[in-house]
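No hydrogens, no waters, no symmetry mates; every other heavy atom, side chains included, goes into these values.
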Amino acid sequence: MPAFSLDPGQITWCAELRTLAAEHLAPLAAKGEPGRVNRPLVAALGELGLIARLFDAGALDLCLLRESLAQACTEAETALALQGLGTHPVAAFGTTAQRARWLPEAAAGRAVAAFALSEPGAGSDAAALALDAVPDGRGGWRLHGEKRWISNAPEADFATVFARTTRGAGARGVTAFLVPADRPGLGGEHLDMLSPHALGTLTFDAVPVGPEDLLGEPDRGFRVAMHTLNLFRPSVGAFAVGMAQAALDAAVAHTAARPAFGGVLADLQAVSHRIAEMATRTEAARLLVYAAATAYDSGDPDVPRRSAMAKLLATETAQFVVDAAVQVHGAAALQRGHLLEHLYREVRAPRIYEGATEVQRAIIAKELYAAHASRAPRAADAVDASRPADASQATDAGRPADASHAADADQATDVTRASRRADGTDPRPESKVSA
């Protein structure tokens, strides 16, 4: 992939977004209740056209949008991201009727969306979800169970819900449904989280859904989930980079002016070197996020690995940078209401949601070993082809040597593909993935 840099138009747009967030959105965010849906803020995002932009934005635009908002107003960034996460499946997989009913309202900020994947027993292992979709004998289903840590729950006006329609089938037995909030049997409650995000539970007591509520095809809902998460995963890294940049800016300003030991804090090498490390890690994370987003937009087959690397590095970097910024500020940063106190609570969550740090490492390792396995047979064939033919070595269990290698390669490829399809990380274009 070529070296990456933003063009002047993108740089200008990011600056405008930061100003907009600081001057227009932050005051609305300040009036909201932590952990609850801030409907005036969501409506403002709709009026400004930012929600509508999510529906046709590429991954890079989404990253620039989230990073810029996060630098100036994390609440606005989170409200936008949660709205996009819940609405994207409708935009990408919804029927004409579903799109007509919900997209205009969601884009305007009048209808709030939820993305209901996680469960008490199925967080990182999303394919293990157990929300039961029981056939009702009339072509529909009844949903039974609970979703937990759900964006905008229980206040959302509609939710993308993932349920088990075929037991024992892993990821291949999951179906996505669009469930309006007024369905009988649907309930829920708020959750009080460390990060002040609007998360809650959804409970399903024989909630009725029909064929008209399907998002995509029956038993192929995991494809809907992974299509959404693959788009949004790099932008979680962008959210983290935005917070890291805000913390870095605060640390530079503070250490340049804070008197200490006859000078200022920045005169101390230990402090200035720490600032340099914070800046370098932030820039490295930013470039990796941009590269992953660009790979997604260009249809690169290596998107799962790149996205996982971007989210991993960016979220871990943000944790380091915010913590370091708190340290150089001292006790002042621990006071309620301080920017860094707020960021310290915000920054912990992205290392867990939309794929925990450990899951990202597992994806990266699996992709690396899968690539190695797919190359190894070809490398062995190339070595054999360079040797003089020897009839005594030309067979393996009665087969020509090259046929043996080919059979092994086919088997390795089939196993790799099956493994990737099972958890939705097949790097091939989504139109070719069987969930």
Side-chain angles (χ1 to χ4, degrees), residues 1-6 57-67 70 77 81 85 123-127 225-245 247-248 277-323 347-375 416-417 419-430 433:
M1 182 173 291
F4 189 89
S5 61
L6 299 181
L60 180 58
D61 274 357
L62 181 57
C63 286
L64 297 179
L65 182 53
R66 294 188 68 177
E67 179 189 345
E77 187 285 330
L85 192 65
S124 295
D125 185 10
M226 291 301 104
H227 186 280
T228 303
L229 294 176
N230 281 340
L231 171 61
F232 276 81
R233 186 167 286 146
S235 72
V236 176
F239 171 39
V241 168
M243 288 190 287
Q245 188 64 56
L248 174 63
E277 181 71 14
M278 294 160 64
T280 301
R281 292 197 195 186
T282 299
E283 186 65 13
R286 175 180 288 113
L287 293 176
L288 193 55
V289 166
Y290 290 176
T294 303
Y296 182 97
D297 289 340
S298 64
D300 192 307
D302 205 19
V303 165
R305 179 180 66 86
R306 290 183 179 276
S307 294
M309 286 180 167
K311 183 181 185 295
L312 170 65
L313 182 64
T315 56
E316 294 291 327
T317 293
Q319 182 81 58
F320 163 79
V321 172
V322 171
D323 184 74
V347 79
R348 189 60 184 86
R351 293 172 62 205
I352 295 175
Y353 63 58
E354 294 188 44
T357 288
E358 293 76 14
V359 171
Q360 304 313 313
R361 290 193 174 110
I363 292 172
I364 295 163
K366 186 175 72 173
E367 291 294 319
L368 291 173
Y369 284 114
H372 171 75
S374 68
R375 291 192 301 265
T416 298
R417 287 178 177 172
S419 174
R420 289 179 177 177
R421 288 174 180 175
D423 64 4
T425 57
D426 192 319
R428 294 172 297 165
E430 287 292 334
V433 177

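- Among residue pairs with one or both ends in residues 282-296, those qualifying as salt bridge (charged side-chain N to carboxylate O under 4.0 Å, His left out) are Glu67-Arg286, Glu283-Arg286; sequence neighbours excluded.
- By the 4.5 Å heavy-atom criterion applied to side chains, Lys366 and Pro304 are not counted as neighbours.
- A pairwise comparison of heavy atoms in Val236 and Pro350 identifies CG1-CB, 4.0 Å as the closest pair.
- No side-chain heavy atom of Thr315 sits under 4.5 Å from any side-chain heavy atom of Phe239.
- Side-chain atoms of Thr357 and Gln319, non-hydrogen and from C-beta on, never get closer than 4.5 Å to each other.
- The minimum heavy-atom distance between Ala314 and Val289, with the atom names listed, is CB-CG2, 3.9 Å.
- When all heavy atoms of Gly58 and Leu231 are compared, the closest pair comes out as C-CD1, 4.5 Å.
- Heavy-atom minimum distance, Cys63 versus Ala293: SG-CB, 3.8 Å.
- The shortest side-chain heavy-atom distance between Tyr296 and Pro234 does not fall under the 4.5 Å cut-off.
- In this structure, OH in Tyr353 is found 12.5 Å from CZ in Arg233, a value given to the nearest 0.5 Å.
- Distance check, rounded to the nearest 0.5 Å: CG of Leu248 to CD of Glu277 gives 11.5 Å.
- Checking Lys311, Glu354, Glu77, Arg66 one by one against Ser235, the side-chain hydrogen bond (donor to acceptor under 3.5 Å, both in side chains) holds for a single residue, Arg66.
- Under the 4.5 Å side-chain criterion, counting only non-hydrogen atoms from C-beta, Arg281 is not in contact with Glu316.
- In this structure, CG on Leu368 lies 12.0 Å from CD1 on Ile363, to the nearest 0.5 angstrom.
- Residues Asp61 and Leu65 form no side-chain contact, since every pair of their non-hydrogen atoms from C-beta on lies 4.5 Å or further apart.
- Side chain of Asn230 to main chain of Val303: no donor-acceptor pair is present (N/O by atom type, distance under 3.5 Å, no hydrogens or angles).
- Of all non-hydrogen atoms in Ala318 and Ala240, the two that sit nearest each other are CB-O, 3.4 Å.
- Two residues are said to be in side-chain contact when any heavy atoms from C-beta on lie closer than 4.5 Å; Glu367 and Ile364 fail this criterion.
- Residues Val321 and Met243 are not in side-chain contact: their nearest non-hydrogen atoms beyond the backbone lie 4.5 Å or more apart.
- Between the Gln360 side chain and the Gly355 main chain, a donor and an acceptor come within less than 3.5 Å of each other.
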